[in-house]
Amino acid sequence: MNDHRGFESVIGLEVHAQLLTRSKIFCGCPTAFGATPNSHVCPVCLGHPGALPVLNRAAVEHAVRFGLAIGCRINQRSVFARKNYFYPDLPKGYQISQFDRPLCEHGQLVVDVDGQPRPIGIIRVHLEEDAGKNLHQGSDPSRSYVDYNRAGVPLAEIVSAPDLRSPAEAVAYLRELRAILIYLESCDGNMQEGSFRCDANVSVRPVGQSALGTRTELKNINSFKFVAQALEHEIERQIDVLADGGQVEQETRLWDEEAHRTRPMRGKEESHDYRYFPDPDLLPLVVDDGWLERLRRERPLLPADRRARLQGELGLPAPDVAMLVEDKALGDYFEAALSRCPGNPRAVANWVVNDVQALVKNAVGGAAACPVAPDALGALIGLVDAGVVASAGARQVFFELAAGRASDPAVAARALGVELVDDSAALAAAVDQVIASSGAEVDKYRAGKKQVIGYLVGQVLRRLGGKVDPKQVNELLRRRLDA
Amino acid sequence: MTSLDDLSLTEAAALLERRALTSRELTAACLARAEQRRSLNSVIALLADRAMVEAEDSDRRRAAGAARGPLDGIPLGVKDNILLAGVPATAGSNILRRHVAAYDATAVERLRRAGAVLLAKLNLDEFGMGSSNENSAFGPCRNPWDESRTPGGSSGGAAAAVAAGLCLGCLGTDTGGSIRQPAAFCGVSGLRPTYGRVSRYGVIAFASSLDQVGPLGRSAGDVALLMNAIAGHDPRDSTSAPRPVPDFAAAIGRGVRGLRVGLPREYFELGGCTADVAAAVRDAIAVLEAAGARVSEIALPHTRYAIACYYLIATAEASSNLARYDGVRYGDRVDPGRGLAELYLATRGQGFGAEVKRRILLGTFVLSAGYYDAYYRRAQQVRTLISRDFEQAFAAVDVIAAPIAPTPAFALGEKTADPLTMYLSDIFTISVNLGGVCGMSVPCGLSAGPRPLPIGLQLIGRPFDEESVLAAAGALQEATDWHRRRPPEGGSGRP
Ligand SMILES: [Zn+2]
């Protein structure tokens, strides 16, 4: 799969993750997405004369926590540098970033494609400020507009080593990275809104060659699906070029989701000299021992921890584990429901990955906003396990809870009339009646056609209005018929 | 009583305190003076209406017994690269000619809190880049002692305004001597505090690692009172120092008995000072010695690299600091309607003056790939050596005394044709900025001739030891009256 026509692909990814701080990285403006253009701005993030940056320590904490989570060395003294270039969305004519002294270096992330875990190196994680956004619509169609609300939102730039060998690995890497950031509550991971963005460097080389081929940079890939598609197309394109005896040109290419191909960025990209130098407005960033130790101690739950628990400790099936790990809110929901019903993790997982997931799939906030409280789901599964409701009845209760018509599953079950009949006399009477009135089927059964039992169970259930556990009915019928 | 025009800030504060004078009277006198001395071109914007309102507010406070201290009601000027909310802050540039500041600089906010009346925005070399005030888009400012001469730069307007009595003190900025040299040329006192002592928030950046705000006044005591108001840590400037602020005014009368004063050999060898300057400086040092200072020679061996080092670091930082003036968000935009690149080129091409462009080009080159190590990195290494020179010198002395400039004020136009000669005139002041120490200029003499010109003595102190510098300046002013000399009326040169 990594071998196409004798070539292998080499992929490195650069991720920009917006960090979930309340205020911007160098000023007090809010970071909330979707506000009226240019309403979250001040002299600092507009680059007014005389304005100076002051580092938001919360952004540093997010980046350090992330660095620790992927095993980085934390540089306790790092330096902010200016990356100089002109663009209307860049208020100061330079971006404050980190260059030769980044905050975190030498991390690693394990990706698992088809059960083959592979370590992927992370070269560096550094802090920088986001730019504004050019808007191509405004009151005058002949003009361009810029919204600076995003200017100064903190970003972590996460640069992988060229260790990825296939689009599938690249996607697995991104999914894991995103999950870690979400677990740390450092990034909301929203690719559409641009809070988790990815650029890819891709090259191909003949299998067995150790030197890297000429790479291209892919931009504008804002979903996992597009990442996979864009990489596949670009790899094929490069192999075509080389197979035809041509040479891959080093360039930046954009993924065109409509045309479903990559194309060179319009015009030759200028070869930029960013003239990096240490920003004299900011002191070197020092993360002292105490600060670092505190962040180390506060180590929150990570996807790998949850994976180990769900897989190793609870023995859940792999697809359930994958879903409960990647979707943190769903995993949290699972844990909350399980704490109410600790005896049956498989049943809880089954409910969560199917029914809960279907219910919240398109909801803002995901499982955290599920109208059925995890506690209620746990209680409901408890009712099934105790034989109080059958699974069909339980599903009815679930929809009742989901619709907000009830909050207590036991009460809802009673109100819906799906509680199983606990009256063995009524059950015995119904069984007797069915045996008496189904002579032909009883004969067939006794003659060895055991499958007619299903029909008989159905008859009993119908008499009792379904309020009885089919297993119990089945057992009772067999006992009577086999006697 | 001396005329209102001749009052020092300290004297005016005492009169206000005794209710022998109102801020209204004082402010009106300064405004009248500004009208009278328009030919100096020291003022970019006169804030007459606002200033009178502030003066009346001050008088009311005082009448209510709620005066805020010695600066309450004192008319002050601000160099026009320091922001005052609601008033244009031009930095002496066409590109910001119509840019109204959105907020107060921290130093300005602190003056306001002290009750000061802010009466004028003062002329300067564009973005602080110059030594003669000739690089201003608003035309050169003139020296009140001789209007055919430069007031110095870049805080030329501030020094001229204080010397001519347009205000009783000013805020300037000093990146390579921009407070001290004009103070010397105009015969006033000016302090460049240690980097980090005064907030740079709201100060239009020239070279961020060298810029520092400081006061100009008619005496060391005036400067100390202004320092008391503006110094101190500011959370909005990450490079401002979280250090306690002493009472600078208390240092003025401390005397120099036992103070060790060093004379840097290189300054006297390299400079090529005129005889007048050399004599005045020598005499001032003798005065300090007579007052109890112990004078010795010291070495600052890396002095001769200072100018080269400065023009690499300052231009590199400037090239980046001035990138924001692109005509997109504020300031003047020139849009030929042929796309973004043309908008940038036209806006910056027409908005910046020649010297600013020269420095942006230099700085851009210095930071370019392939040259960074040879220039910028190397300059930073030299800078470290210059700091070390000071460290070693200050192991043996408490204050260093030296000239401010090799000559008194030179003629307007004299050096404009040759930028390099202009750069070299800053040889004595630049090391202070590179070395992270503090420095002051105090009047110490007048040149001979029909049109005498002021000469300044430079006093350099350890990082954050402005007090020793002020003590030495105070001792000199106790023993001499150079700081009381006023320029002749009309700048005709008649004494
Ligand atoms: Zn802001």
Side-chain angles (χ1 to χ4, degrees), chain A residues 26-28 38 41-57 79-96 99-100 131-132 134 142-148 151 267 270-286, chain B residues 81-83 89-91 93 96 99 101-106 127 199-205 207-211 234-240 313 316-317 319-331 337 340-341 343-344 348 363-372 376-377 380:
Chain A
F26 296 121
C27 65
N38 297 315
V41 293
C42 73
V44 175
C45 57
L46 285 179
H48 269 229
L52 295 172
V54 176
L55 180 62
N56 179 349
R57 289 168 66 95
V79 173
F80 284 98
R82 295 185 182 179
K83 179 180 181 178
N84 295 284
Y85 65 96
F86 286 98
Y87 203 63
D89 68 7
L90 192 67
K92 298 183 294 295
Y94 58 84
Q95 179 194 30
I96 304 178
F99 183 53
D100 51 4
N134 285 13
S142 70
R143 288 167 179 270
S144 287
Y145 293 82
V146 193
D147 175 9
Y148 293 103
E270 294 163 60
S271 76
H272 272 300
D273 178 359
Y274 291 119
R275 291 175 285 119
Y276 281 101
F277 74 106
D279 190 335
D281 288 333
L282 289 161
L283 303 174
L285 166 56
V286 175
Chain B
N81 59 352
I82 301 174
L83 271 56
T90 68
S93 181
L96 288 175
H99 170 66
Y103 63 102
D104 273 341
T106 297
F127 288 102
S199 170
R200 293 185 296 116
Y201 189 74
V203 180
I204 298 179
S208 311
S209 75
L210 300 163
D211 294 344
D234 175 12
R236 289 174 296 188
D237 174 1
S238 311
T239 64
S240 86
I313 292 171
E317 293 180 4
S319 71
S320 173
N321 282 333
L322 271 60
R324 65 186 63 194
Y325 308 113
D326 58 6
V328 172
R329 293 162 313 284
Y330 53 79
L340 184 63
L343 181 146
Y344 286 151
R348 292 168 66 80
T364 303
F365 177 75
V366 163
L367 290 175
S368 297
Y371 297 100
Y372 182 91
Y376 190 76
R377 195 184 300 279
Q380 292 293 3

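Protein chains get the first letters and strands the later ones, always in sequence-line order, with residue 1 at the start of each. Since the structure is predicted, the reported quantities are computational estimates derived from the model, not experimental observations.
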Q: May I ask you to decide if the ring planes of B:H99 and A:H48 are parallel, tilted or perpendicular, using 30° and 60° as cut-offs?
A: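 Ring orientation, 0 to 90° scale: perpendicular.
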(Q) Please verify the inter-ring angle class for A:F277 with B:Y376; under 30° counts as parallel, over 60° as perpendicular, anything in between as tilted. (A)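 Aromatic pair A:F277/B:Y376 classed perpendicular.
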Could you look at [X] and say if it's the side chain, the backbone, both or neither that has a heavy atom under 4.5 Å from chain A?
X      : value
B:L340 : side chain
B:S199 : neither
B:A316 : backbone
B:V328 : side chain

Using 0.5 Å steps for rounding, measure from the [atom1] atom of [X] to the [atom2] atom of [Y].
X      : Y      : atom1 : atom2 : answer
A:L282 : B:S238 : CG    : OG    : 5.0 Å
B:D326 : A:L90  : CG    : CG    : 9.0 Å
A:Y276 : B:L367 : OH    : CG    : 13.0 Å

Q: Classify the side-chain pair B:R329/A:N38 by whether it contains a donor and acceptor separated by less than 3.5 Å.
A: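 Short answer, no.
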**Q.** Between A:C27, A:P49, A:G93, A:P88, the one whose heavy-atom pairs under 4.5 Å with chain B are most numerous
**A.**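 The option with the most such pairs is A:P49.
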**Q.** Option in B:D211, B:N321, B:I82 with maximal non-hydrogen atom pairs under 4.5 Å from chain A
**A.**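 Of B:D211, B:N321, B:I82, B:N321 has the most heavy-atom pairs under 4.5 Å with chain A.
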Q: Between chain A and each of B:S320, B:A369, B:A323, B:S209, count heavy-atom pairs under 4.5 Å; write down the option with the most.
A: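 The candidate making the most pairs under 4.5 Å is B:S320.
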Q) Can any side-chain N or O of B:Y330 pair as donor or acceptor with the backbone N or O of A:G47 at less than 3.5 Å? A)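 Present.
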Q) Counting N and O atoms only, with roles assigned by atom type, does the side chain of B:Y103 sit under 3.5 Å from a partner on the main chain of A:A51, one being a donor and the other an acceptor? A)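 Present.
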Q. Within a strict 4.5 Å, meaning less than it, do heavy atoms of the B:Y201 and A:V44 side chains meet?
A.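 They are in contact (side-chain heavy atoms under 4.5 Å apart), so the answer is yes.
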Q. Is the shortest heavy-atom distance from the side chain of A:R275 to the side chain of B:S319 under 4.5 Å?
A.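 Contact flag for A:R275/B:S319 side chains = yes.
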**Q.** Closest non-hydrogen atom pair, A:P91 against B:R324
**A.**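 That closest heavy-atom pairing would be O-CB, 3.7 Å.
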Q.
Ignoring hydrogens, what is the shortest heavy-atom contact between A:V54 and B:P235? Give both atom names and the distance.
A.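 That would be CG2-O, 3.2 Å.
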Q | Segment of A:D281 engaging chain B (4.5 angstrom heavy-atom cut-off) | A |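 For A:D281, heavy atoms of backbone and side chain both lie under 4.5 Å from chain B.
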**Q.** Contacting region of A:Y94 [heavy-atom separation from chain B under 4.5 Å]
**A.**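 Looking at A:Y94, just its side chain touches chain B.
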Q: Determine whether more than 12 heavy atoms belonging to other residues, nucleotides or ligands lie under 6.0 Å from atom OH of B:Y371.
A: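 No, because the 6.0 Å sphere around OH of B:Y371 holds 12 heavy atoms or fewer from other groups.
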